[in-house]
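Below, read A as the first sequence line, B as the second, and so on, with proteins coming before strands; counting in each chain starts at 1. From a predicted model like this one, the values you see are computed outputs, not experimental measurements. Values reported hereafter were calculated over all heavy atoms of this structure, with side chains retained and with hydrogens, waters and symmetry mates removed.
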Protein chains: 2
Amino acid sequence: MEYSEKQLQIMKKAEKLFAEKGYNGTSVRDIAEKAGINLAMVSYYFGSKEKLLEAVFDYRIGMTKQLLSDILHKTNLSSLEKMNLLIDVYVKKIIEQQPFNKILAREQVVNTTGHTANLILQMKRTYMDTVLSLIREGQKKGEFQKHIDVSLLMTTIIGTANHLVTTKHYYRQLNNYEELSDEAFNKLIEKKLRNHIKFILKASLTYES
Amino acid sequence: MEYSEKQLQIMKKAEKLFAEKGYNGTSVRDIAEKAGINLAMVSYYFGSKEKLLEAVFDYRIGMTKQLLSDILHKTNLSSLEKMNLLIDVYVKKIIEQQPFNKILAREQVVNTTGHTANLILQMKRTYMDTVLSLIREGQKKGEFQKHIDVSLLMTTIIGTANHLVTTKHYYRQLNNYEELSDEAFNKLIEKKLRNHIKFILKASLTYES
DNA sequence: TTAAATTAAACAAGCGTTTAATTAATTTTT
DNA sequence: AAAAATTAATTAAACGCTTGTTTAATTTAA
(Lines give C-alpha, C1' and ligand atoms only; values in the text may rest on other atoms or scores of the structure.)
Protein backbone atom coordinates (compact mmCIF):
# COMPACT_ATOMS: atom_id res chain seq x y z
CA MET A 1 0.00 0.00 0.00
CA GLU A 2 1.25 3.43 -0.98
CA TYR A 3 0.33 6.55 0.95
CA SER A 4 0.09 10.11 -0.35
CA GLU A 5 1.92 13.00 1.29
CA LYS A 6 -1.34 14.17 2.82
CA GLN A 7 -2.04 10.74 4.25
CA LEU A 8 1.45 10.47 5.70
CA GLN A 9 1.05 13.87 7.30
CA ILE A 10 -2.15 12.74 9.03
CA MET A 11 -0.66 9.36 9.99
CA LYS A 12 2.34 11.03 11.61
CA LYS A 13 0.25 13.31 13.81
CA ALA A 14 -2.12 10.46 14.66
CA GLU A 15 0.82 8.26 15.61
CA LYS A 16 2.10 10.90 18.01
CA LEU A 17 -1.28 11.33 19.66
CA PHE A 18 -1.99 7.59 19.87
CA ALA A 19 1.39 7.17 21.58
CA GLU A 20 0.75 9.96 24.07
CA LYS A 21 -2.88 9.32 24.94
CA GLY A 22 -3.66 5.85 23.64
CA TYR A 23 -5.95 4.92 20.78
CA ASN A 24 -9.20 5.27 22.73
CA GLY A 25 -7.91 8.36 24.50
CA THR A 26 -7.38 10.17 21.20
CA SER A 27 -10.33 11.69 19.34
CA VAL A 28 -10.57 12.17 15.60
CA ARG A 29 -11.06 15.87 16.35
CA ASP A 30 -7.69 15.88 18.17
CA ILE A 31 -5.99 14.37 15.14
CA ALA A 32 -7.67 16.72 12.68
CA GLU A 33 -6.68 19.75 14.71
CA LYS A 34 -3.02 18.72 15.13
CA ALA A 35 -2.77 17.81 11.47
CA GLY A 36 -4.36 21.12 10.47
CA ILE A 37 -7.17 19.54 8.47
CA ASN A 38 -10.92 19.31 8.63
CA LEU A 39 -12.50 16.66 10.81
CA ALA A 40 -14.13 14.91 7.87
CA MET A 41 -10.83 14.37 6.05
CA VAL A 42 -9.90 11.45 8.29
CA SER A 43 -12.90 9.46 7.13
CA TYR A 44 -12.33 10.73 3.61
CA TYR A 45 -8.74 9.50 3.41
CA PHE A 46 -8.82 6.40 5.61
CA GLY A 47 -12.47 5.40 5.97
CA SER A 48 -12.44 5.32 9.75
CA LYS A 49 -10.38 5.95 12.85
CA GLU A 50 -9.57 2.25 13.18
CA LYS A 51 -8.40 2.02 9.59
CA LEU A 52 -6.14 5.00 10.25
CA LEU A 53 -4.52 3.02 13.06
CA GLU A 54 -4.18 0.06 10.71
CA ALA A 55 -2.52 2.31 8.15
CA VAL A 56 0.03 3.37 10.77
CA PHE A 57 0.74 -0.29 11.54
CA ASP A 58 0.96 -1.18 7.85
CA TYR A 59 3.43 1.59 7.27
CA ARG A 60 5.72 0.99 10.25
CA ILE A 61 5.72 -2.79 10.12
CA GLY A 62 6.40 -2.65 6.39
CA MET A 63 9.50 -0.54 7.15
CA THR A 64 10.66 -3.00 9.81
CA LYS A 65 10.35 -6.09 7.62
CA GLN A 66 12.35 -4.37 4.91
CA LEU A 67 15.05 -3.54 7.44
CA LEU A 68 15.39 -7.09 8.66
CA SER A 69 15.56 -8.82 5.30
CA ASP A 70 18.66 -6.79 4.43
CA ILE A 71 20.75 -8.02 7.35
CA LEU A 72 20.64 -11.74 6.65
CA HIS A 73 22.31 -11.26 3.29
CA LYS A 74 25.55 -9.83 4.65
CA THR A 75 27.71 -12.93 4.28
CA ASN A 76 31.08 -11.46 5.18
CA LEU A 77 30.35 -11.39 8.91
CA SER A 78 30.65 -13.93 11.74
CA SER A 79 27.48 -15.09 13.50
CA LEU A 80 28.09 -12.94 16.57
CA GLU A 81 28.91 -9.96 14.35
CA LYS A 82 25.65 -10.42 12.46
CA MET A 83 23.85 -10.71 15.77
CA ASN A 84 25.45 -7.49 16.97
CA LEU A 85 24.53 -5.75 13.72
CA LEU A 86 20.95 -6.90 14.23
CA ILE A 87 20.98 -5.37 17.70
CA ASP A 88 22.41 -2.10 16.37
CA VAL A 89 19.69 -1.86 13.75
CA TYR A 90 16.97 -2.92 16.15
CA VAL A 91 17.92 -0.49 18.92
CA LYS A 92 18.29 2.35 16.44
CA LYS A 93 14.81 1.58 15.12
CA ILE A 94 13.32 1.44 18.63
CA ILE A 95 14.81 4.80 19.60
CA GLU A 96 13.86 6.51 16.34
CA GLN A 97 10.33 5.13 16.32
CA GLN A 98 9.47 5.66 19.97
CA PRO A 99 5.91 6.85 19.36
CA PHE A 100 5.06 3.82 17.26
CA ASN A 101 6.68 1.48 19.74
CA LYS A 102 4.51 2.90 22.49
CA ILE A 103 1.43 2.21 20.39
CA LEU A 104 2.68 -1.26 19.58
CA ALA A 105 3.40 -2.03 23.23
CA ARG A 106 -0.12 -0.99 24.21
CA GLU A 107 -2.08 -2.41 21.30
CA GLN A 108 -0.52 -5.85 21.29
CA VAL A 109 -1.94 -6.33 24.79
CA VAL A 110 -5.57 -5.77 23.78
CA ASN A 111 -5.48 -6.48 20.06
CA THR A 112 -5.47 -10.26 19.77
CA THR A 113 -7.46 -10.62 16.55
CA GLY A 114 -8.06 -8.68 13.35
CA HIS A 115 -5.81 -7.04 10.80
CA THR A 116 -3.48 -5.39 13.31
CA ALA A 117 -2.92 -8.58 15.27
CA ASN A 118 -2.07 -10.35 12.02
CA LEU A 119 0.51 -7.73 11.12
CA ILE A 120 2.10 -8.01 14.56
CA LEU A 121 2.27 -11.79 14.31
CA GLN A 122 3.85 -11.55 10.86
CA MET A 123 6.48 -9.17 12.17
CA LYS A 124 7.23 -11.42 15.11
CA ARG A 125 7.64 -14.38 12.77
CA THR A 126 10.05 -12.39 10.65
CA TYR A 127 12.14 -11.49 13.72
CA MET A 128 11.97 -15.08 14.93
CA ASP A 129 13.12 -16.56 11.60
CA THR A 130 15.97 -14.08 11.33
CA VAL A 131 17.29 -14.68 14.84
CA LEU A 132 16.74 -18.42 14.66
CA SER A 133 18.79 -18.81 11.48
CA LEU A 134 21.55 -16.63 12.93
CA ILE A 135 21.77 -18.66 16.12
CA ARG A 136 21.66 -22.02 14.36
CA GLU A 137 24.49 -20.82 12.14
CA GLY A 138 26.52 -19.78 15.19
CA GLN A 139 25.89 -23.12 16.86
CA LYS A 140 27.09 -25.04 13.81
CA LYS A 141 30.31 -23.03 13.80
CA GLY A 142 30.71 -23.69 17.52
CA GLU A 143 30.54 -20.00 18.39
CA PHE A 144 27.38 -20.40 20.51
CA GLN A 145 26.43 -22.99 23.09
CA LYS A 146 23.88 -25.70 22.30
CA HIS A 147 20.96 -25.18 24.70
CA ILE A 148 19.37 -21.85 23.93
CA ASP A 149 15.68 -21.01 24.23
CA VAL A 150 15.55 -18.67 21.25
CA SER A 151 11.94 -17.65 21.77
CA LEU A 152 12.55 -16.56 25.35
CA LEU A 153 15.83 -14.91 24.45
CA MET A 154 13.93 -12.80 21.94
CA THR A 155 11.32 -12.05 24.56
CA THR A 156 14.15 -10.71 26.70
CA ILE A 157 15.63 -8.55 23.96
CA ILE A 158 12.33 -7.10 22.81
CA GLY A 159 10.99 -6.86 26.35
CA THR A 160 14.06 -5.00 27.58
CA ALA A 161 13.97 -2.49 24.74
CA ASN A 162 10.21 -2.02 24.96
CA HIS A 163 10.21 -1.56 28.69
CA LEU A 164 13.03 0.96 28.65
CA VAL A 165 11.49 3.06 25.89
CA THR A 166 7.91 2.97 27.15
CA THR A 167 8.88 3.77 30.74
CA LYS A 168 11.90 5.93 30.17
CA HIS A 169 10.47 8.79 32.23
CA TYR A 170 10.63 6.51 35.27
CA TYR A 171 14.12 5.33 34.35
CA ARG A 172 15.14 8.97 34.08
CA GLN A 173 13.87 9.80 37.56
CA LEU A 174 15.26 6.67 39.17
CA ASN A 175 18.75 7.32 37.82
CA ASN A 176 18.80 11.12 38.24
CA TYR A 177 19.12 11.99 34.57
CA GLU A 178 16.60 14.82 34.86
CA GLU A 179 19.13 17.56 34.26
CA LEU A 180 20.01 16.14 30.83
CA SER A 181 18.28 17.49 27.73
CA ASP A 182 15.77 15.20 26.01
CA GLU A 183 18.14 14.75 23.11
CA ALA A 184 21.13 13.93 25.27
CA PHE A 185 19.04 11.52 27.33
CA ASN A 186 17.86 9.74 24.20
CA LYS A 187 21.44 9.42 22.96
CA LEU A 188 22.47 8.05 26.34
CA ILE A 189 19.81 5.35 26.59
CA GLU A 190 20.40 4.31 22.98
CA LYS A 191 24.06 3.70 23.73
CA LYS A 192 23.36 2.03 27.07
CA LEU A 193 20.62 -0.16 25.62
CA ARG A 194 22.78 -1.25 22.71
CA ASN A 195 25.67 -2.27 24.96
CA HIS A 196 23.43 -3.88 27.54
CA ILE A 197 21.56 -6.08 25.06
CA LYS A 198 24.81 -7.13 23.43
CA PHE A 199 26.19 -8.04 26.81
CA ILE A 200 23.11 -10.06 27.79
CA LEU A 201 23.20 -11.76 24.42
CA LYS A 202 26.88 -12.64 24.52
CA ALA A 203 26.60 -13.89 28.09
CA SER A 204 23.54 -16.00 27.23
CA LEU A 205 24.90 -17.42 24.00
CA THR A 206 28.30 -18.39 25.36
CA TYR A 207 27.61 -19.06 29.06
CA GLU A 208 28.04 -22.70 30.14
CA SER A 209 25.37 -23.58 32.71
CA MET B 1 -6.61 2.42 52.69
CA GLU B 2 -9.02 -0.39 53.52
CA TYR B 3 -11.66 -1.58 51.10
CA SER B 4 -15.04 -3.18 51.86
CA GLU B 5 -16.10 -6.50 50.34
CA LYS B 6 -18.39 -4.64 47.96
CA GLN B 7 -15.60 -2.36 46.85
CA LEU B 8 -13.23 -5.27 46.29
CA GLN B 9 -15.88 -7.04 44.24
CA ILE B 10 -16.22 -4.00 41.97
CA MET B 11 -12.45 -3.50 41.80
CA LYS B 12 -11.90 -7.09 40.73
CA LYS B 13 -14.37 -6.91 37.86
CA ALA B 14 -13.05 -3.50 36.84
CA GLU B 15 -9.49 -4.83 36.85
CA LYS B 16 -10.45 -7.65 34.50
CA LEU B 17 -12.19 -5.30 32.09
CA PHE B 18 -9.41 -2.69 32.17
CA ALA B 19 -6.93 -5.46 31.35
CA GLU B 20 -9.00 -6.79 28.46
CA LYS B 21 -10.14 -3.57 26.86
CA GLY B 22 -7.98 -0.84 28.35
CA TYR B 23 -9.04 1.93 30.70
CA ASN B 24 -10.56 4.16 28.03
CA GLY B 25 -12.06 1.18 26.25
CA THR B 26 -14.03 0.18 29.33
CA SER B 27 -17.22 2.02 30.25
CA VAL B 28 -18.60 2.44 33.74
CA ARG B 29 -21.72 0.69 32.47
CA ASP B 30 -19.59 -2.33 31.48
CA ILE B 31 -18.16 -2.51 34.98
CA ALA B 32 -21.53 -2.09 36.70
CA GLU B 33 -23.06 -4.85 34.58
CA LYS B 34 -20.23 -7.36 35.15
CA ALA B 35 -20.19 -6.59 38.87
CA GLY B 36 -23.97 -6.95 39.04
CA ILE B 37 -24.56 -3.51 40.50
CA ASN B 38 -26.27 -0.31 39.52
CA LEU B 39 -24.39 2.18 37.37
CA ALA B 40 -24.47 4.86 40.05
CA MET B 41 -22.73 2.66 42.63
CA VAL B 42 -19.33 3.20 41.04
CA SER B 43 -19.50 6.93 41.70
CA TYR B 44 -21.07 6.20 45.08
CA TYR B 45 -18.23 3.96 46.25
CA PHE B 46 -15.22 5.44 44.48
CA GLY B 47 -16.19 8.96 43.43
CA SER B 48 -15.23 8.51 39.79
CA LYS B 49 -13.98 6.03 37.20
CA GLU B 50 -10.44 7.36 37.51
CA LYS B 51 -10.46 6.98 41.28
CA LEU B 52 -11.62 3.40 40.81
CA LEU B 53 -8.51 2.79 38.72
CA GLU B 54 -6.42 4.45 41.41
CA ALA B 55 -8.00 2.17 44.00
CA VAL B 56 -6.96 -0.86 41.93
CA PHE B 57 -3.41 0.49 41.78
CA ASP B 58 -3.39 1.27 45.52
CA TYR B 59 -4.53 -2.23 46.32
CA ARG B 60 -2.18 -4.17 44.03
CA ILE B 61 0.90 -2.05 44.61
CA GLY B 62 0.33 -2.23 48.34
CA MET B 63 0.36 -6.04 48.06
CA THR B 64 3.58 -5.97 46.07
CA LYS B 65 5.48 -3.73 48.46
CA GLN B 66 4.49 -5.99 51.35
CA LEU B 67 5.77 -9.01 49.43
CA LEU B 68 9.14 -7.47 48.76
CA SER B 69 9.93 -6.23 52.25
CA ASP B 70 9.69 -9.81 53.57
CA ILE B 71 12.44 -11.20 51.37
CA LEU B 72 15.28 -8.95 52.45
CA HIS B 73 15.02 -10.17 56.04
CA LYS B 74 15.82 -13.81 55.27
CA THR B 75 19.41 -13.83 56.48
CA ASN B 76 20.15 -17.54 56.20
CA LEU B 77 20.55 -17.42 52.42
CA SER B 78 23.45 -16.60 50.10
CA SER B 79 23.16 -13.58 47.82
CA LEU B 80 22.41 -15.66 44.74
CA GLU B 81 19.85 -17.70 46.67
CA LYS B 82 18.10 -14.53 47.82
CA MET B 83 18.16 -13.30 44.26
CA ASN B 84 16.61 -16.55 43.08
CA LEU B 85 13.97 -16.36 45.79
CA LEU B 86 13.16 -12.84 44.64
CA ILE B 87 12.70 -14.14 41.08
CA ASP B 88 10.44 -16.96 42.29
CA VAL B 89 8.24 -14.53 44.18
CA TYR B 90 8.25 -12.01 41.37
CA VAL B 91 7.38 -14.47 38.62
CA LYS B 92 4.65 -16.05 40.74
CA LYS B 93 3.18 -12.60 41.31
CA ILE B 94 3.33 -11.72 37.61
CA ILE B 95 1.55 -14.94 36.60
CA GLU B 96 -1.10 -14.69 39.30
CA GLN B 97 -1.79 -11.02 38.69
CA GLN B 98 -1.85 -11.06 34.93
CA PRO B 99 -4.84 -8.72 34.57
CA PHE B 100 -3.25 -6.08 36.77
CA ASN B 101 0.08 -6.43 35.02
CA LYS B 102 -1.59 -5.77 31.70
CA ILE B 103 -3.10 -2.60 33.12
CA LEU B 104 0.24 -1.60 34.60
CA ALA B 105 2.08 -2.22 31.34
CA ARG B 106 -0.37 -0.03 29.45
CA GLU B 107 -0.90 2.73 31.99
CA GLN B 108 2.74 3.37 32.75
CA VAL B 109 3.20 4.35 29.13
CA VAL B 110 0.62 7.14 29.17
CA ASN B 111 0.41 7.96 32.86
CA THR B 112 3.45 10.09 33.62
CA THR B 113 1.99 12.34 36.30
CA GLY B 114 -0.66 12.14 39.02
CA HIS B 115 -1.41 9.71 41.81
CA THR B 116 -1.00 6.54 39.72
CA ALA B 117 2.38 7.63 38.35
CA ASN B 118 3.53 8.31 41.90
CA LEU B 119 2.52 4.84 43.05
CA ILE B 120 4.35 3.27 40.12
CA LEU B 121 7.49 5.26 40.87
CA GLN B 122 7.33 4.26 44.53
CA MET B 123 7.03 0.59 43.58
CA LYS B 124 9.93 0.87 41.18
CA ARG B 125 12.06 2.46 43.89
CA THR B 126 11.20 -0.38 46.25
CA TYR B 127 12.24 -2.96 43.66
CA MET B 128 15.38 -0.99 42.90
CA ASP B 129 16.44 -0.70 46.54
CA THR B 130 15.82 -4.40 47.14
CA VAL B 131 17.79 -5.58 44.14
CA LEU B 132 20.54 -3.03 44.66
CA SER B 133 21.22 -4.12 48.25
CA LEU B 134 21.19 -7.79 47.19
CA ILE B 135 23.69 -7.22 44.43
CA ARG B 136 26.00 -5.03 46.51
CA GLU B 137 26.00 -7.77 49.15
CA GLY B 138 26.89 -10.39 46.56
CA GLN B 139 29.67 -8.23 45.20
CA LYS B 140 31.17 -7.78 48.67
CA LYS B 141 31.20 -11.55 49.15
CA GLY B 142 32.81 -11.95 45.73
CA GLU B 143 29.87 -13.98 44.40
CA PHE B 144 29.06 -11.40 41.70
CA GLN B 145 31.31 -9.52 39.30
CA LYS B 146 32.01 -5.83 39.82
CA HIS B 147 30.61 -4.01 36.79
CA ILE B 148 26.86 -4.46 36.74
CA ASP B 149 24.32 -1.93 35.51
CA VAL B 150 21.64 -2.73 38.06
CA SER B 151 19.04 -0.40 36.61
CA LEU B 152 19.29 -1.95 33.15
CA LEU B 153 19.44 -5.45 34.58
CA MET B 154 16.12 -4.74 36.30
CA THR B 155 14.75 -3.34 33.08
CA THR B 156 15.61 -6.67 31.50
CA ILE B 157 13.97 -8.76 34.22
CA ILE B 158 10.79 -6.69 34.39
CA GLY B 159 10.72 -6.16 30.64
CA THR B 160 11.06 -9.88 29.93
CA ALA B 161 8.29 -10.84 32.33
CA ASN B 162 6.01 -8.04 31.19
CA HIS B 163 6.49 -8.76 27.54
CA LEU B 164 5.87 -12.48 27.91
CA VAL B 165 2.71 -12.02 29.96
CA THR B 166 1.21 -9.19 27.94
CA THR B 167 1.90 -10.87 24.60
CA LYS B 168 1.55 -14.49 25.59
CA HIS B 169 -1.07 -15.16 22.91
CA TYR B 170 1.56 -14.40 20.29
CA TYR B 171 4.16 -16.49 22.12
CA ARG B 172 1.63 -19.31 22.16
CA GLN B 173 1.07 -19.18 18.42
CA LEU B 174 4.75 -18.78 17.56
CA ASN B 175 5.72 -21.85 19.58
CA ASN B 176 2.73 -24.06 18.71
CA TYR B 177 1.33 -24.35 22.22
CA GLU B 178 -2.24 -23.87 21.01
CA GLU B 179 -3.33 -27.40 21.83
CA LEU B 180 -2.48 -26.90 25.52
CA SER B 181 -5.20 -25.85 27.97
CA ASP B 182 -5.03 -22.30 29.33
CA GLU B 183 -4.08 -23.63 32.74
CA ALA B 184 -1.36 -25.90 31.44
CA PHE B 185 0.01 -23.11 29.27
CA ASN B 186 0.15 -20.76 32.24
CA LYS B 187 2.00 -23.37 34.29
CA LEU B 188 4.42 -23.88 31.43
CA ILE B 189 5.31 -20.22 30.92
CA GLU B 190 5.65 -19.67 34.66
CA LYS B 191 8.24 -22.44 34.85
CA LYS B 192 10.01 -21.36 31.67
CA LEU B 193 10.04 -17.72 32.72
CA ARG B 194 11.42 -18.53 36.16
CA ASN B 195 14.27 -20.61 34.76
CA HIS B 196 15.00 -18.19 31.97
CA ILE B 197 15.27 -15.13 34.19
CA LYS B 198 17.46 -17.02 36.64
CA PHE B 199 19.70 -18.08 33.80
CA ILE B 200 19.98 -14.54 32.40
CA LEU B 201 20.65 -13.25 35.88
CA LYS B 202 23.32 -15.79 36.72
CA ALA B 203 25.02 -15.31 33.38
CA SER B 204 24.97 -11.53 33.76
CA LEU B 205 26.11 -11.45 37.37
CA THR B 206 28.99 -13.87 36.95
CA TYR B 207 30.02 -13.38 33.31
CA GLU B 208 33.47 -11.85 32.84
CA SER B 209 33.41 -9.48 29.87
C1' DT C 1 -36.02 7.15 63.03
C1' DT C 2 -31.94 8.19 61.36
C1' DA C 3 -28.34 6.60 58.11
C1' DA C 4 -26.74 3.78 54.35
C1' DA C 5 -27.51 1.54 50.13
C1' DT C 6 -29.77 1.09 45.77
C1' DT C 7 -32.45 2.48 41.90
C1' DA C 8 -34.21 4.55 37.35
C1' DA C 9 -33.97 8.60 34.98
C1' DA C 10 -31.92 12.51 33.30
C1' DC C 11 -27.94 15.49 32.30
C1' DA C 12 -24.62 17.84 29.32
C1' DA C 13 -20.62 16.76 26.73
C1' DG C 14 -18.03 14.24 23.61
C1' DC C 15 -17.73 10.62 20.37
C1' DG C 16 -17.10 8.71 15.20
C1' DT C 17 -19.27 9.21 11.05
C1' DT C 18 -22.19 11.14 7.26
C1' DT C 19 -24.28 14.61 4.56
C1' DA C 20 -24.73 18.10 1.25
C1' DA C 21 -22.74 22.22 -0.41
C1' DT C 22 -18.64 24.63 -2.02
C1' DT C 23 -14.06 25.31 -3.73
C1' DA C 24 -9.93 23.64 -6.21
C1' DA C 25 -7.71 20.94 -9.51
C1' DT C 26 -7.69 18.13 -13.55
C1' DT C 27 -9.28 16.48 -17.92
C1' DT C 28 -11.88 16.90 -22.08
C1' DT C 29 -13.78 19.34 -25.72
C1' DT C 30 -14.08 23.09 -28.64
C1' DA D 1 -5.35 28.21 -25.77
C1' DA D 2 -9.87 29.06 -23.81
C1' DA D 3 -14.05 27.15 -22.20
C1' DA D 4 -16.63 23.57 -20.49
C1' DA D 5 -17.16 19.37 -17.98
C1' DT D 6 -15.61 16.23 -14.66
C1' DT D 7 -13.34 14.74 -10.74
C1' DA D 8 -11.05 15.54 -6.30
C1' DA D 9 -10.55 17.98 -2.10
C1' DT D 10 -12.40 20.66 1.59
C1' DT D 11 -15.82 22.55 4.55
C1' DA D 12 -19.50 23.44 8.25
C1' DA D 13 -23.23 21.36 10.10
C1' DA D 14 -25.81 17.75 11.71
C1' DC D 15 -26.58 12.85 12.87
C1' DG D 16 -27.46 9.31 16.39
C1' DC D 17 -25.09 7.18 20.04
C1' DT D 18 -22.25 6.55 24.11
C1' DT D 19 -19.83 8.62 27.66
C1' DG D 20 -19.14 9.76 33.03
C1' DT D 21 -21.64 11.82 36.48
C1' DT D 22 -25.62 13.60 39.17
C1' DT D 23 -30.24 13.83 40.84
C1' DA D 24 -34.09 12.69 43.51
C1' DA D 25 -36.85 9.02 44.98
C1' DT D 26 -37.09 4.55 47.17
C1' DT D 27 -35.70 0.51 49.65
C1' DT D 28 -32.89 -1.65 53.20
C1' DA D 29 -30.22 -1.67 57.54
C1' DA D 30 -28.89 0.05 61.94
Side-chain angles (χ1 to χ4, degrees), chain A residues 1-59 99 103 106-107 110-111 113-117, chain B residues 1-59 99 103 106-107 110-111 113-117:
Chain A
M1 182 74 85
E2 297 263 312
Y3 298 104
S4 69
E5 277 304 314
K6 202 98 199 174
Q7 281 178 308
L8 285 172
Q9 166 204 346
I10 298 169
M11 286 160 66
K12 211 168 174 182
K13 297 290 183 182
E15 185 182 59
K16 189 154 179 268
L17 284 167
F18 287 155
E20 281 168 8
K21 316 211 263 175
Y23 173 75
N24 282 311
T26 304
S27 72
V28 180
R29 282 167 180 82
D30 274 348
I31 300 168
E33 195 188 341
K34 294 276 175 185
I37 55 161
N38 186 277
L39 168 65
M41 298 309 285
V42 171
S43 290
Y44 180 77
Y45 276 118
F46 297 94
S48 69
K49 183 188 173 187
E50 196 175 344
K51 279 186 187 157
L52 167 56
L53 178 68
E54 287 178 11
V56 172
F57 270 85
D58 265 324
Y59 178 65
I103 301 173
R106 299 179 97 249
E107 291 307 312
V110 282
N111 234 307
T113 51
H115 179 64
T116 306
Chain B
M1 182 74 83
E2 297 263 310
Y3 299 103
S4 69
E5 277 304 315
K6 202 96 200 175
Q7 282 178 307
L8 285 171
Q9 165 205 345
I10 298 170
M11 285 158 68
K12 211 168 173 182
K13 296 291 184 183
E15 185 181 59
K16 190 154 177 269
L17 283 167
F18 287 154
E20 282 168 8
K21 316 211 263 176
Y23 173 74
N24 282 311
T26 304
S27 72
V28 180
R29 282 167 182 81
D30 274 347
I31 299 168
E33 194 188 342
K34 294 274 176 189
I37 56 161
N38 185 276
L39 168 65
M41 299 308 286
V42 170
S43 290
Y44 179 76
Y45 276 118
F46 297 95
S48 69
K49 182 189 174 187
E50 196 175 345
K51 280 185 187 155
L52 167 56
L53 178 68
E54 287 177 11
V56 172
F57 270 85
D58 266 323
Y59 179 65
I103 302 173
R106 299 179 96 248
E107 290 309 311
V110 280
N111 233 306
T113 52
H115 179 65
T116 306

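Distance F46(A) CZ to dG16(C) C1': 16 Å, rounded to the nearest Å. To the nearest angstrom, P of dG16(C) lies 16 Å from NZ of K51(A). Spacing between atom CD of E5(A) and atom P of dA9(D) amounts to 14 Å, rounded to whole angstrom units. Rounded to whole Å, the distance from CD1 on I31(A) to P on dG16(C) is 8 Å. Separating the NZ atom of K6(A) from the C1' atom of dT11(D) is a distance of 13 Å, rounded to the nearest angstrom. We find that CD of Q9(B) is positioned 13 Å from P of dA5(C), with the value rounded to whole Å. Look at CD1 on I37(A): it is 12 Å from C1' on dT11(D), rounded to the nearest Å. E33(A) has its CD atom 13 Å from the P atom of dA12(D), to the nearest Å.
Evaluation of the ring pair (Phe, Tyr, Trp, His ring centres under 6.0 Å) rule for Y23(A) yields F18(A) as partners, not counting sequence neighbours.
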Pick out the pairs of N or O atoms, protein on one side and nucleotides 21-27 of chain D on the other, that lie under 3.5 Å.
unit_1  : atom_1 : unit_2 : atom_2 : d
dT21(D) : OP2    : K49(B) : N      : 2.9

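Residue pairs that meet the ring-ring contact (aromatic ring centres under 6.0 Å, His included) test with at least one member in residues 24-58 of chain A, sequence neighbours left out, are F57(A)-F100(A).
Scanning all heavy atoms of the two residues, the minimum distance from I103(A) to E15(A) falls at CD1-O, 3.3 Å. The shortest heavy-atom contact between A19(A) and P99(A) is CB-O, 3.3 Å. The two atoms that bring H115(A) and E54(A) nearest to each other are CD2-OE1, 3.5 Å, heavy atoms only.
The backbone N or O of G36(A) lies less than 3.5 Å from no partner atom in the side chain of K13(A), so there is not a single donor-acceptor pair.
Other residues, nucleotides and ligands place no more than 12 heavy atoms under 6.0 Å from the NZ atom of K16(B).
Among the protein residues, S4(B) comes within range of no part of the nucleic acid, since none of its heavy atoms lies under 4.0 Å from any strand. Within 4.0 Å (heavy atoms only), Y45(A) reaches sugar-phosphate atoms of the nucleic acid but no base atom.
Side-chain nitrogen and oxygen atoms of S27(A) include none within less than 4.0 Å of the OP1 or OP2 phosphate oxygen of dG14(C).
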